[in-house]
Amino acid sequence: MKTRRTALRAMGALTLALTLSVSAGAALAQEIVIKFSHVVAPDTPKGKGAEKFRELAEQYTGGKVKVEVYPNSQLYKDKEELEALQLGAVQMLAPSLAKFGPLGVKEFEVFDLPYMFPSYEALHKVTTGPIGKEMLGLLEAKGITGLAFWDNGFKIMSANSPVTTPDDFLGLKMRIQSSKVLEAEMSALGAVPQVMAFSEVYQALQTGVVDGTENPPSNMFTQKMHEVQSHATISNHGYLGYAVIVNKKFWDELPEDVRAGLDKAMAEATEYANGIAKEENDKALQAMKDAGKTEFHELTDEERKAWVDALLPVHEEMADRIGADLIARIQAETGVK
Ligand code: LMR
């Protein structure tokens, strides 16, 4: 009798366990996971934008979507993350616009042209208008859907020697992102450009593998690059921003209501990220000045003119690669030539 009761109790427990695991299985089957991988610190415009999207996406899809954000190249470095997205190993990224060349979308390098955008406002005329939409559309052929443009900011130059005039760059090894325009930019200054993944820059600067680099202050500060760079010039010579992208197949196969929720979340996260970018960069620059490890130089008008003269020829040099037409259309939009 006792054995029978024990057996029955065991059966009951088994049934309960089965029921629980079946309903857990059903719940799991319903949950859609978006792995959002990026290479910068959480405490940056992109890192904060990604977190905002996570929060809103989960809210607007009523918990049907779970967003996992992996910052700081935890999952993939620059080049690998694009491959991982195309393979579907991650669903969402926000690579810098300077990193789409190797994918075959050279037009994105237009954003790297020196002195192309005088302000965030001028830039937004392009990114939020028809040209921006058209450019995101170029990604479809690569199995990628472009959702939005996110700002970081305007770049400063740093090195372990003063970089006040173009001549100061002669022979310096400068780390760049994988953009031919950036390569031409550094060459125009007489520097030796070296493409390197973002996650490797700090160590390369520390050990002298490269002498210097360019980045918006938020990236420089959050990677502690200022601790291993003695000099920096607030040159604002070029822009660095992002395209938020998803695996096209994944996106197209989402239930319509889920995609609508995610679109809403992305629109709001974009507004948020672009709303904080300037302030984040201003704060980072101040924090680096306060840290006192790097000497920051502001260009005089005359010095700036020397930079512009040295760097503007890059536009013409790169026109064939990017498309003279695209450059002209952007200039017409921003009113800057
Ligand atoms: C860089 O590699 O310098 C930047 O693209 C990093 C980033 O994503 O902001």
Side-chain angles (χ1 to χ4, degrees), residues 36-51 53 69-82 84-85 90 92-103 105 108-114 120 123 127 146 148-159 173-183 185-186 191 193-205 209-226 228-229 232 235-245 270 273-274 276-278 280-281 284-285 288:
F36 187 158
S37 171
H38 69 83
V39 300
V40 296
D43 203 13
T44 53
K46 175 161 70 179
K48 290 186 173 182
E51 271 309 311
F53 173 72
V69 180
Y70 298 92
N72 266 327
S73 310
Q74 251 170 47
L75 287 188
Y76 300 103
K77 296 199 276 190
D78 297 353
K79 193 165 161 287
E80 291 87 328
E81 71 171 14
L82 276 159
L85 183 85
V90 293
M92 191 172 279
L93 307 171
S96 144
L97 301 166
K99 291 178 185 167
F100 287 80
L103 200 68
V105 195
F108 277 51
E109 291 179 3
V110 76
F111 292 102
D112 301 330
L113 286 172
Y120 284 104
L123 175 99
T127 51
F149 288 100
W150 283 4
D151 285 330
N152 189 334
F154 294 88
K155 293 177 286 187
I156 64 181
M157 288 280 197
S158 66
K173 283 176 282 167
M174 297 293 288
R175 178 270 169 173
I176 54 163
Q177 307 173 74
S178 59
S179 154
K180 292 290 176 204
V181 169
L182 299 179
E183 199 176 305
E185 170 203 275
M186 289 300 180
Q194 298 211 357
V195 175
M196 187 180 286
F198 185 66
S199 54
E200 289 162 12
V201 181
Y202 175 87
Q203 209 184 358
L205 291 170
V209 168
V210 289
D211 301 302
T213 189
E214 57 168 15
N215 240 305
S218 61
N219 276 351
M220 189 175 168
F221 177 60
T222 51
Q223 299 298 320
K224 299 189 167 53
M225 291 180 202
H226 63 293
V228 287
Q229 293 280 263
S235 46
N236 296 326
H237 60 280
Y239 170 79
L240 191 154
Y242 311 105
V244 188
I245 56 178
T270 299
N274 293 351
I276 61 165
K278 181 173 185 311
E280 289 291 315
N281 278 297
L285 182 58
M288 289 191 287

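Values in this document were obtained by computation on a predicted structure and should not be read as measured data. Counting starts at 1 for both ligands and their atoms, in listed order.
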Original post:
Does Met220 offer a backbone N or O that forms a donor-acceptor pair with the side chain of Asn215 under 3.5 Å?
Top reply: no

Original post:
Of all the atoms in ligand 1, which lie at a distance below 4.0 Å from a heavy atom belonging to Lys99?
Top reply: 1 (C), 2 (O), 4 (C), 5 (O), 6 (C)

Original post:
Under 30°, 30 to 60°, or over 60°: which ring-plane class applies to Phe36 and Phe53, parallel, tilted or perpendicular?
Top reply: perpendicular

Original post:
With a 4.0 Å cut-off on heavy atoms, is Thr44 touching ligand 1?
Top reply: no

Original post:
What are the two closest heavy atoms between Met225 and Phe198, and how far apart are they?
Top reply: CE-CE1, 3.7 Å

**OP:** Decide, yes or no, whether a salt bridge links Lys180 with Glu183 under the criterion of side-chain N to carboxylate O below 4.0 Å.
**Re:** yes

Subject >> Protein contact to atom 7 (C) of ligand 1 [nearest heavy atom, distance to 0.1 Å] >> reply: Val40 CG1, 3.3 Å

Subject >> Any donor-acceptor N or O pair under 3.5 Å, side chains Asn281, Ser218 >> reply: yes

**OP:** Could you tell me if the ring centre of Tyr120 sits under 6.0 Å from that of Phe154?
**Re:** yes

Original post:
Among Arg175, Lys79, Lys77, whose salt bridge (charged side-chain N to carboxylate O under 4.0 Å, His left out) with Glu200 holds?
Top reply: Lys77

Subject >> Shortest protein heavy-atom distance from atom 8 (O) of ligand 1, along with the residue and atom involved >> reply: Lys46 NZ, 2.7 Å

Original post:
Using heavy atoms and a threshold below 4.0 Å, how should the contact between Met225 and ligand 1 be classified: side chain, backbone, both, or neither?
Top reply: neither

Subject >> Heavy atoms from other residues, nucleotides or ligands near CD of Gln74 exceed 12 (cutoff 6.0 Å) >> reply: yes

Subject >> Any donor-acceptor pair under 3.5 Å from Asp151 side chain to Ala277 backbone >> reply: no

**OP:** Enumerate the atoms of ligand 1 whose separation from the nearest heavy atom of Asn215 is less than 4.0 angstrom.
**Re:** 3 (O)

Subject >> atom 3 (O) of ligand 1 - nearest protein heavy atom and its distance >> reply: Arg175 NH1, 2.7 Å

Subject >> Closest protein heavy atom to atom 1 (C) of ligand 1, given as residue, atom name and distance to 0.1 Å >> reply: Phe198 CD1, 3.3 Å

Subject >> Identity and distance of the protein heavy atom lying nearest atom 9 (O) of ligand 1 >> reply: Tyr242 OH, 2.5 Å

Original post:
Measuring from the heavy atoms of His38, does anything fall under 4.0 Å of ligand 1?
Top reply: no

**OP:** Could you list the atoms of ligand 1 found under 4.0 angstrom from a heavy atom of Ser96?
**Re:** 5 (O)

**OP:** May I ask you to list the atoms of ligand 1 that are less than 4.0 angstrom from any heavy atom of Asn219?
**Re:** 4 (C), 6 (C), 7 (C), 9 (O)

Original post:
Considering only the protein, which heavy-atom contact is closest to atom 5 (O) of ligand 1, and what is its distance?
Top reply: Gln177 OE1, 2.7 Å

